[in-house]
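One structure is given here, and the rest of the page talks about it.
A, B, ... follow the sequence lines: proteins, then strands. Residue 1 opens every chain.
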There are 2 protein chains.
Amino acid sequence: MPSPQLLEEFSQFFRLLSEPARLQLLCQLKHSGSMDVAGLIEATGFSQSHISRQLGQLQRAGLVSCERDGVRTIWSADNDLVDDLCALVQNRLRQRLEAQLQSLAAG
Amino acid sequence: MPSPQLLEEFSQFFRLLSEPARLQLLCQLKHSGSMDVAGLIEATGFSQSHISRQLGQLQRAGLVSCERDGVRTIWSADNDLVDDLCALVQNRLRQRLEAQLQSLAAG
DNA sequence: CGTCGTTATGCGCATACACTCATAAAAGCT
DNA sequence: AGCTTTTATGAGTGTATGCGCATAACGACG
């Protein structure tokens, strides 16, 4: 049984992934390798200020990192954790739907 | 690159885990095997109505299930997904702290 | 130094939701 | 049927935060 502090940290982490905007940024960066903010605006349709804030949160959590290229900032996803988590969840969603399908066919 | 719909589902799922109360309920059930609501009130300190609602959400997501024992309802955690997710996150947190420690020692 | 282009931040709005209290619904007992 | 115990739900409150607008800070270049 995890300690309350650990539970708090877990939930804080999951909260980062609980927003489609942030998850989209993460997946986009993972998919494209690295992008500048202009590209992320283009890809997601969010405002510059919003993207900047969300990237800041993800950076503090160590999920993305940036390097400056002159005046621009190039962002990239830092690790495979999010992909792994999403894969597990996707698997679970698939299992659920398959079970529903099965019970529908059987019933 | 996951579709927007899939990203939405992922984030909805992670949102379930983004609240310490729900995560605590899940871990408690996993730890104790199965419990009634009175036990969960005792263990978590939340109000009965709140616990009932959170269990409802977790049940709709297929993370917990219940069986009635007379007037009481016995709840139990349904699968290992949450444990696996938490283990991955914990691993990542540990790595982060180790890296910070290292850089502190080196700097 | 002033201007331009890019990113960060103060502010405000709207919404979502965690949480509780009060109450209804359900199930067992006499 | 009435009473008790347990769970579910309607209603309200307070807080957190997603999101954009405007603007400030920062870096490059003339």
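Between A/Arg60 atom CZ and D/dT17 atom C1' the separation is 13 Å, expressed in whole Å. In this entry the distance linking CD of B/Glu19 with C1' of C/dA16 reads 12 Å, nearest Å. Look at CD on A/Glu42: it is 14 Å from P on C/dT6, rounded to the nearest Å. Rounded to whole Å, atom P of C/dT6 lies 14 Å from atom CD1 of A/Ile51. Atom-to-atom, CD1 of B/Ile41 to C1' of D/dA8 comes out at 12 Å; the value is rounded to the nearest Å. In this structure, A/Leu40 places its CG atom 13 Å from C1' of C/dT6, rounding to the nearest Å. D/dA16 atom P lies 12 Å from atom CD of A/Glu8, rounded to whole Å. Atoms CG (A/Asp36) and C1' (C/dT6) sit 10 Å apart, rounded to a whole Å.
A/Phe13 places a side-chain heavy atom less than 4.5 Å from the side chain of A/Leu81.
Among the protein residues, A/Thr73 comes within range of the sugar-phosphate backbone only, with heavy atoms under 4.0 Å from sugar or phosphate atoms but none that close to a base. Across all strands shown, B/Gln48 has heavy atoms under 4.0 Å from base atoms, whether or not it also approaches the sugar-phosphate. Using a 4.0 Å heavy-atom distance criterion, B/Ser49 is classed as a base contact.
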Run the side chain to side chain contact (heavy atoms under 4.5 Å, CB included) test on B/Leu40 and B/Leu29 for me, step by step, so that the C-alpha distance in whole Å, both residues' side-chain angles and the decisive distance to 0.1 Å come before the verdict. CA-CA 8 Å; B/Leu40 290 171; B/Leu29 287 176; 4.1 Å; yes

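When each of D/dC19, C/dT6, C/dT9 is scored by its nearest atom to the side-chain atoms of A/Arg72, the top-ranked nucleotide is C/dT6. With D/dG18, D/dA8, C/dA18 as the candidates, the nucleotide lying closest to the side chain of B/Gln54 is C/dA18.
Between A/Ala38 and A/Arg15, the residue whose closest nucleotide on DNA chain C is further toward the 5' end is A/Ala38. The nearest heavy atom of DNA chain D to A/Gln57 and to A/Val71 marks one nucleotide each, and the one closer to the 5' end goes with A/Gln57. If you find the closest nucleotide of DNA chain D to A/Phe46 and to B/Arg53, the one lying nearer the 5' end belongs to B/Arg53.
Atom CG of B/Leu23 sits about 12.0 Å away from atom CD of A/Glu9, to the nearest 0.5 Å.
With respect to B/Glu98, the side-chain hydrogen bond (donor to acceptor under 3.5 Å, both in side chains) criterion is satisfied by exactly one of B/Gln95, B/Arg94, B/Arg96: B/Arg94. Residue B/Phe10 is tested with A/Cys27, A/Ser18, A/Pro20, A/Cys86 for a side-chain contact (heavy atoms from CB on, under 4.5 Å); the sole match is A/Cys86.
When the side-chain nitrogen and oxygen atoms of A/Arg68 are compared with OP1 and OP2 of D/dC26, none of them lie within a distance under 4.0 Å.
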